[in-house]
K.L.:
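I am attaching a structure below and will ask some questions about it afterwards.
Chain A is the first sequence line, chain B the second, and so forth, proteins listed ahead of strands; every chain is numbered from 1.
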There are 2 protein chains.
Amino acid sequence: LLVSDFTEAELVARVQSRLAPPPDWLVVGIGDDAAVVEPERGRLEALSVDALVEGVHFDRRFTPPDAIGHRALAVNLSDLAAMGASPRWALASFMLPSELSSSDFDAIVGGLSSLAARYGVHVVGGNVTRSPGPLVIDVSVSGTVKPRRALKRSTASAGDDLYVTGTIGGAAAGLQMLREASANPGHAQPHAGCVQKYLYPDPRVREGTLLGRNRAATACMDLSDGLADGVRQIAQASGVGVRLEADALPIDSAARQWFEARGEDAVDEALSGGDDYELVFASKPAARGRLRAVTLGGAKLTRIGVCTPSLETLLSRTRDGVQTLHPVPRGYAHFR
Amino acid sequence: LLVSDFTEAELVARVQSRLAPPPDWLVVGIGDDAAVVEPERGRLEALSVDALVEGVHFDRRFTPPDAIGHRALAVNLSDLAAMGASPRWALASFMLPSELSSSDFDAIVGGLSSLAARYGVHVVGGNVTRSPGPLVIDVSVSGTVKPRRALKRSTASAGDDLYVTGTIGGAAAGLQMLREASANPGHAQPHAGCVQKYLYPDPRVREGTLLGRNRAATACMDLSDGLADGVRQIAQASGVGVRLEADALPIDSAARQWFEARGEDAVDEALSGGDDYELVFASKPAARGRLRAVTLGGAKLTRIGVCTPSLETLLSRTRDGVQTLHPVPRGYAHFR
């Protein structure tokens with residue numbers, strides 16, 4: 001059966017049947033003109049929207065439908081984490097090609113709703129419509145954060161240390177592996193860890209809220225478009241420079257092997273590769289003790305460099321005992 | 001110049017330059033991982049999302065770009081109005097074909113932002129990405145409403161009167177006129193009022209908030225998919241029947257002429273035609289006095305029938321002095 005065999009109302013009912021029971025703050029749920037929610041007292045609301053477009057952000061030939069649903073929510077939860085906000089609700093807007101099977105649609109919704117359940121986010125509403133072109137999932141999310149605890153990009157200072165959560169490069173390598181395996185089936189066995197990192201990124205929700213709560217970070221953003229882009233954005237918004245240490249970068253080891261086996265520079269690839277959904281943040285050297293609490297979230301934290309007064313974003317590399325400084329490579333650009 | 005000549009950041013800057021100055025409740029605006037807003041004290045939040053997809057909801061050959069932007073927000077404000085909520089913020093997600101001109105993009109944003117300014121809605125954030133297929137604009141909105149004043153669909157009772165704001169059929173006729181004029185240029189002159197109603201629907205924001213505020217309505221919804229669909233939804237959700245009077249329907253007079261000149265039944269066309277974005281609501285006969293205040297919103301209100309205990313949705317017609325009862329015709333269905 002295809003989604004075109006159902007009415008819009010029937011598709012909405014399929015979504016609804018896959019959601020967790022409604023929380024008590026949801027006054028009117030799916031099925032009316034709008035959802036009605038009770039705001040959380042004494043908290044600010046962080047709001048974000050991000051779309052996954054087939055052919056731009058995913059390839060249906062090697063992205064299973066539950067991974068499409070998972071990633072559509074994950075990229076948004078990552079934005080909330082980068083603000084230090086605890087996710088609360090989501091609106092899910094689906095644009096479906098008529099030839100999409102209803103079981104694939106169910107799997108997309110399933111991937112989205114299991115990640116929602118993991119982080120206590122409730123899908124309060126959404127929209128289902130036809131697409132004459134690509135499959136599109138556009139998700140809006142809201143999270144709450146205490147006043148003056150939101151983690152902005154623009155508030156890093158010269159002298160702050162720069163940290164990143166988890167590892168980098170894994171998702172970019174995973175995507176390359178999936179592409180190659182799809183073009184040459186049976187040729188190379190993709191590394192499960194890298195593929196998992198690309199298909200099912202785990203947004204740093206706990207780390208983001210812990211960083212905001214104990215004021216351990218002075219600025220923060222997520223790595224949707226890669227670490228190079230992330231540090232450049234923080235530097236630009238804060239009016240500081242950045243100096244990264246290549247040797248300190250926590251490059252995923254399987255990704256490093258993959259890049260090097262292809263004669264590519266693992267540092268450049270890991271810096272410019274997107275889709276990692278880790279957090280990069282600035283932190284005062286004096287606040288180092290508070291970072292220990294953040295590691296309770298589960299991710300390791302790696303100091304990768306410092307903020308400088310110079311306004312340049314530089315990468316320091318040591319090869320054969322010789323240290324050199326280069327501009328940080330450009331990140332991923334959506335349109336050009 | 002095409003949108004593909006710009007980076008995502010440059011396109012976001014173009015959007016930002018067309019927005020009204022930020023309100024004081026906006027703590028962090030465009031340019032960070034998420035927007036941060038201060039909720040309104042003592043109010044519930046109504047949330048809705050609706051997408052306009054090229055080839056499904058609009059045809060770029062006869063829909064000017066500012067009308068595309070206008071309608072993308074209007075359909076959402078109409079949903080908030082139908083809940084009795086005052087609109088507050090919007091998130092605008094754009095999926096742009098590479099060959100879209102940057103001046104068309106500016107006009108789309110301009111149409112959206114002038115309607116936003118008219119009703120005091122602020123675009124707090126959004127997303128811009130590439131589409132390998134149709135132009136898509138997906139807008140999420142939030143409005144506020146006092147506790148226990150949200151206008152649901154499910155709370156009409158047998159004996160309530162049914163009303164509709166403004167006129168019906170105009171948008172459906174306007175769309176037919178535009179299609180015909182596009183297929184046969186110079187052949188027939190489209191009626192300006194009907195075309196305006198289709199291209200630039202004015203959502204019933206004032207009427208919706210007035211209806212919620214003075215408890216004049218027992219149930220309400222908007223007519224995105226036509227009056228027939230609207231009354232059926234209210235009846236089904238409320239567990240009542242409906243009896244409409246064909247002679248009472250406020251059919252747009254130019255639309256009636258247009259339908260009749262084509263040998264079509266104006267009543268059937270006006271009932272099943274979508275895109276009017278009027279409100280249909282149920283109201284106790286005893287509350288009739290309170291409806292006067294609602295007309296201060298600017299729209300006339302027309303009593304079109306009653307809610308009945310029978311569970312049937314019927315249309316009463318009188319022809320040559322003979323009264324007959326028919327089932328209300330089916331509305332517009334998105335997928336089938």
K.L.:
Pro134(B) and Gly133(A): which non-hydrogen atoms are nearest, and at how many Å?
P.N.:
CD-CA, 3.9 Å

K.L.:
Any chance you could measure Leu47(B), atom CG, to Leu47(A), atom CG, to the nearest 0.5 Å?
P.N.:
9.0 Å

K.L.:
Check each atom of Trp25(B) against the heavy atoms of chain A and say whether the ones under 4.5 Å are side chain, backbone, both or neither.
P.N.:
neither

K.L.:
Between Glu54(B) and chain A, which part of the residue has a heavy atom less than 4.5 Å away: side chain, backbone, both or neither?
P.N.:
backbone

K.L.:
So which residue, Val53(A), Asp79(A), Asp32(A), ends up with the most heavy-atom pairs under 4.5 Å with chain B?
P.N.:
Asp32(A)

K.L.:
Counting only heavy atoms closer than 4.5 Å, note whether Arg41(B) contacts chain A via side chain, backbone, both or neither.
P.N.:
neither

K.L.:
Rounded to the nearest 0.5 Å, how far apart are OG of Ser140(B) and CG of Leu91(A)?
P.N.:
5.0 Å

K.L.:
Atom CD of Glu38(A) and atom CZ of Arg43(B): how far apart are they, to the nearest 0.5 Å?
P.N.:
13.5 Å

K.L.:
Could you walk me through whether Met95(B) and Val56(A) pass the side-chain contact (heavy atoms from CB on, under 4.5 Å) check?
P.N.:
CA-CA 10 Å; Met95(B) 282 142 265; Val56(A) 179; over 6 Å; no

K.L.:
Show the numbers, then the answer: is there a side-chain contact (heavy atoms from CB on, under 4.5 Å) between Leu44(A) and Val37(B)?
P.N.:
CA-CA 6 Å; Leu44(A) 302 179; Val37(B) 309; over 6 Å; no

K.L.:
Check Pro39(B) against Pro39(A) and note the closest heavy-atom contact, atom names and distance.
P.N.:
CB-CB, 4.1 Å

K.L.:
For a side-chain contact (heavy atoms from CB on, under 4.5 Å) check, start with the C-alpha distance between Val36(B) and Glu45(A), then their side-chain angles and the critical distance, and finish with the verdict.
P.N.:
CA-CA 5 Å; Val36(B) 178; Glu45(A) 272 186 67; over 6 Å; no

K.L.:
Who wins among Ser78(A), Ala51(A), Gly55(A) for the most heavy-atom pairs under 4.5 Å with chain B?
P.N.:
Ala51(A)

K.L.:
Is there a side-chain contact (heavy atoms from CB on, under 4.5 Å) between Met83(B) and Val28(A)? Walk through the geometry before answering.
P.N.:
CA-CA 10 Å; Met83(B) 292 305 285; Val28(A) 178; 4.2 Å; yes

K.L.:
Of the non-hydrogen atoms in Asp33(B) and Ser48(A), which two are nearest, and what is the gap between them?
P.N.:
O-OG, 3.5 Å

K.L.:
Checking Ala150(B) against chain A: side chain, backbone, both or neither under 4.5 Å from a heavy atom?
P.N.:
side chain

